[in-house]
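Read through the structure below, which is laid out as C-alpha cells, and then see the notes.
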2 protein chains.
Amino acid sequence: MSQTHPVNQEVTLSVIKTACSNCNLRELCLPYGMSIDELERLDDLVSTRRRVKRGDHLYRAGEVFDAIYAIRSGFFKTDVLLEDGRDQVTGFQMAGELLGLDGISTEHHTCNAIALEDSEICAIPFSRLEVLSREIHTLQHHFHKVMSREIVRDHGVMMLLGTMRAEERLAAFLLNLSQRFTARGFSHAEFYLRMTREEIGSYLGLKLETVSRAFSRFQEEGHIAVQQKHIRILNVNGLKALMHHRAV
Amino acid sequence: MSQTHPVNQEVTLSVIKTACSNCNLRELCLPYGMSIDELERLDDLVSTRRRVKRGDHLYRAGEVFDAIYAIRSGFFKTDVLLEDGRDQVTGFQMAGELLGLDGISTEHHTCNAIALEDSEICAIPFSRLEVLSREIHTLQHHFHKVMSREIVRDHGVMMLLGTMRAEERLAAFLLNLSQRFTARGFSHAEFYLRMTREEIGSYLGLKLETVSRAFSRFQEEGHIAVQQKHIRILNVNGLKALMHHRAV
DNA sequence: GCGTTCGCTTGATCCAAGTCAACCATAAAA
DNA sequence: TTTTATGGTTGACTTGGATCAAGCGAACGC
C-alpha cells in the first residue's frame, strides 16, 4: 500500500474510530462501566474488525471456537440444526450484542451465525479476554453479567415457546424488538424487520402462515401497521395486553 | 454446644468431608480440572453447606442474588412466573450442577429454585468466586464453560419446544435424564422421576394428560416400563428413533 | 421492460394436543 | 382400618395452528 502521509493519517483516524474507547455502542456492549484507562487496554484486544455481507456466515456450527464477536453494526440470526434436518432460529442479534458465547463450553461453535444485512463485527479473542478480565474487575464482572443475561433471555424464550399462543408470541416478539431499537436510539414505534416471516416463525415455534395471519390480525385490530417488512406500532398497550391475553 | 474433645474431632471430620477437595462430585462440579493446591483454596470459599427440605425454596424470584449454589445431593426444579399467573419449569437440576447463574445479570434471582427431594447444597458467595477466579485460571475458565454450557442447554430446550412434537419431547427428556444419571454413576436404564407429570409437562410445554398418554404409548410399544415414578428404559435406540421421528 | 423468483397473504381442510370429565392408585391422615 | 388427598390414567370432544394450495406484489437479473 501507499505510504504517503495523508494515507497514513487516514489509517490512524480509522484505527481510532474502531477502538472501543470511541465506540458509540460502548454503553451497550462489553466496555460498559469501564474507565478510560481500562478502555484503552480493551482497545488492544478488540482491534480486529470484520465485514460480513448479508447472507454470509460469521461462523458455523462445529467450527473451532476462539473468539466472541461484538456486533458493531448490522443484524444477525443464530440457528441450530438438528441431525434429522430440522432447524430453529435461536436468536436475532443487533448492534452492541455479543455472538458466540455458546462456543466457550465445548470450544466449538454450536450454532450458525448469519448476517441478515451487511454488518460489521469486532472479534474478541477469548483467551485474551480471559487474561484481561483477570486484571480488570469491571470487565470480568460485566462479562459475567452478559453471559447471565443471555441465560435469562433464553428462559424468556422458553417461557414464550412453552406457554404462549401464537398471537401472544408475536406480540412479545414485536415489543422486544421495539425495546431493543429504543435502547439504540431508534424509534420505538417504527422499524424495518430484517428477517423473513419464516425466520420469525422458526424463532417463535410457528409456521410462516401463522405469523402472517397474526400480523394481519394485529393490523385489522389497529395495533400495528404492516407493509411488508416495515412495521409501525400504533398501540403499544394493546400489544402488551395481547401478550397476556389468556392466563391459562 | 459441648466442647469435649470427641465432639471437636467430629466437627473437624465433618468439615473435611464437606470440602470440595474431598467431594466425590468434584469432576462434575465447579472444581473440575483444578489441582490439589487450588482445590484447597476453593474449599475456603465453599464452606457453607445447607439442607433444603423437599418442597422448600432454595431461593425465590426477586430476592437479592449474592451466591450461586452447587447441588451436593438431591434434586431441584427452577421455575419462572409470568405476570399473568402462567408459570413454566425452566429446568431440573441434580447433584454436581449449579443453580443461580441467572441472578448474576440483575443481581436478583429471576426464577424460583425448589427442592424436589430433601437436598443439600453448597453456597458459593459470588463476589468471592470472582476474586478467586482471577487468581486461579482453571477455575475462571471452567466457570465460563459452565455458564456457556447452560446457554447451550437452553438452546436445546428451545429446539425441543419449537420443533418437536409431544412424543419426541418426552423421548428427548428421558434420554437426557438417563444420560445425566449415568454420568453420576447410576443406572442409565432405571431411575425414579423426582417430578410429577405436571412438572414434566410444564418443562416440555405440554399438559400433564399428554405426558401421561405419551408414557402409556411408550410402554405399549415396549420402549419403557413405567410404574408411577419408576422408569425402566427397555429400548434406548427405540427412544432415540422416536426423538427424530418426523423430520417436518 | 419483462419474466422469474422470492416472500407474503389468504382460504379450506386436517390433526395433534388441549380441555373436560370420570375414575383409579398410592400414601398420608384420622 | 377407613378416609382423604394427591397424582396418574383414560376417554370423548374441541380447537389452534399446521398443512395444502392458490394467488399476489416487489425486487432482481437479463
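Order of the sequence lines sets the chain letters (A, B, ...), proteins ahead of strands, with each chain counted from 1.
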Axial bend angle, the helix from C:dG1-D:dC30 to C:dA30-D:dT1: five-pair end segments, nearest 10°
40°
In plain terms, say whether A:Arg86 and B:Glu168 are close enough for a salt bridge, that is, a side-chain N and a carboxylate O under 4.0 Å apart.
yes
Please enumerate all protein N or O atoms sitting under 3.5 Å from an N or O of nucleotides 7-11 of chain C, with distances to 0.1 Å.
| from | atom 1 | to | atom 2 | distance (Å) |
| --- | --- | --- | --- | --- |
| C:dC8 | OP2 | A:Arg197 | N | 2.8 |
| C:dT9 | OP1 | A:Arg197 | NH2 | 3.3 |
| C:dT9 | OP2 | A:Arg197 | NE | 2.9 |
| C:dT9 | OP2 | A:Ser212 | OG | 2.7 |
| C:dT9 | O5' | A:Ser212 | OG | 3.1 |
| C:dT10 | OP2 | A:Ser216 | OG | 2.4 |
| C:dG11 | N7 | A:Arg213 | NH1 | 2.9 |
| C:dG11 | O6 | A:Arg213 | NH2 | 3.1 |

Any carboxylate oxygen within less than 4.0 angstrom of a Lys/Arg side-chain nitrogen, looking at B:Arg153 and B:Glu150?
yes
So, taking the atom named CD1 in B:Ile224 and the one named CG in B:Leu174, what distance separates them when rounded to the nearest 0.5 Å?
5.5 Å
Do the side-chain N and O atoms of B:Asn24 and B:Arg72 include a donor-acceptor pair separated by under 3.5 angstrom?
yes
Is a side-chain donor-acceptor pair under 3.5 Å present for A:His155 with B:Gln88?
no
Separation of B:Arg169 atom CZ from C:dA16 atom C1', in whole Å?
11 Å
Short side-chain donor-acceptor distance under 3.5 Å, B:Glu63 and B:His108:
no
Measure the distance from CG on B:Leu206 to P on D:dG8 and round it to the nearest whole Å.
15 Å
Should B:Glu97 and B:Arg184 count as an ion pair when the cut-off is N to O under 4.0 Å?
yes
Is A:Glu167 paired with A:Arg217 through a side-chain N to carboxylate O contact shorter than 4.0 Å?
yes
Write down the distance between CG (A:Leu204) and C1' (D:dG16), rounded to a whole number of angstrom.
16 Å
Using whole Å, what does the distance between atom P of nucleotide C:dT26 and atom CD of B:Gln227 come to?
7 Å
For A:Gly201, answer base if it contacts any base atom (sugar-phosphate contacts may also be present), sugar-phosphate if it contacts only those atoms, and nothing otherwise; contact means non-hydrogen atoms under 4.0 Å.
nothing
To the nearest angstrom, the NE2-C1' distance between B:His230 and D:dG8 comes to 17 Å
Send over the distance from B:Gln219 CD to D:dT9 P, rounded to a whole Å.
9 Å
Is a side-chain donor-acceptor pair under 3.5 Å present for A:His244 with B:Glu83?
yes
Here the distance between atom C1' of D:dG7 and atom NZ of B:Lys207, to the nearest Å, is 16 Å
Separation of atom CD in A:Glu167 from atom P in D:dT15, rounded to whole Å
16 Å
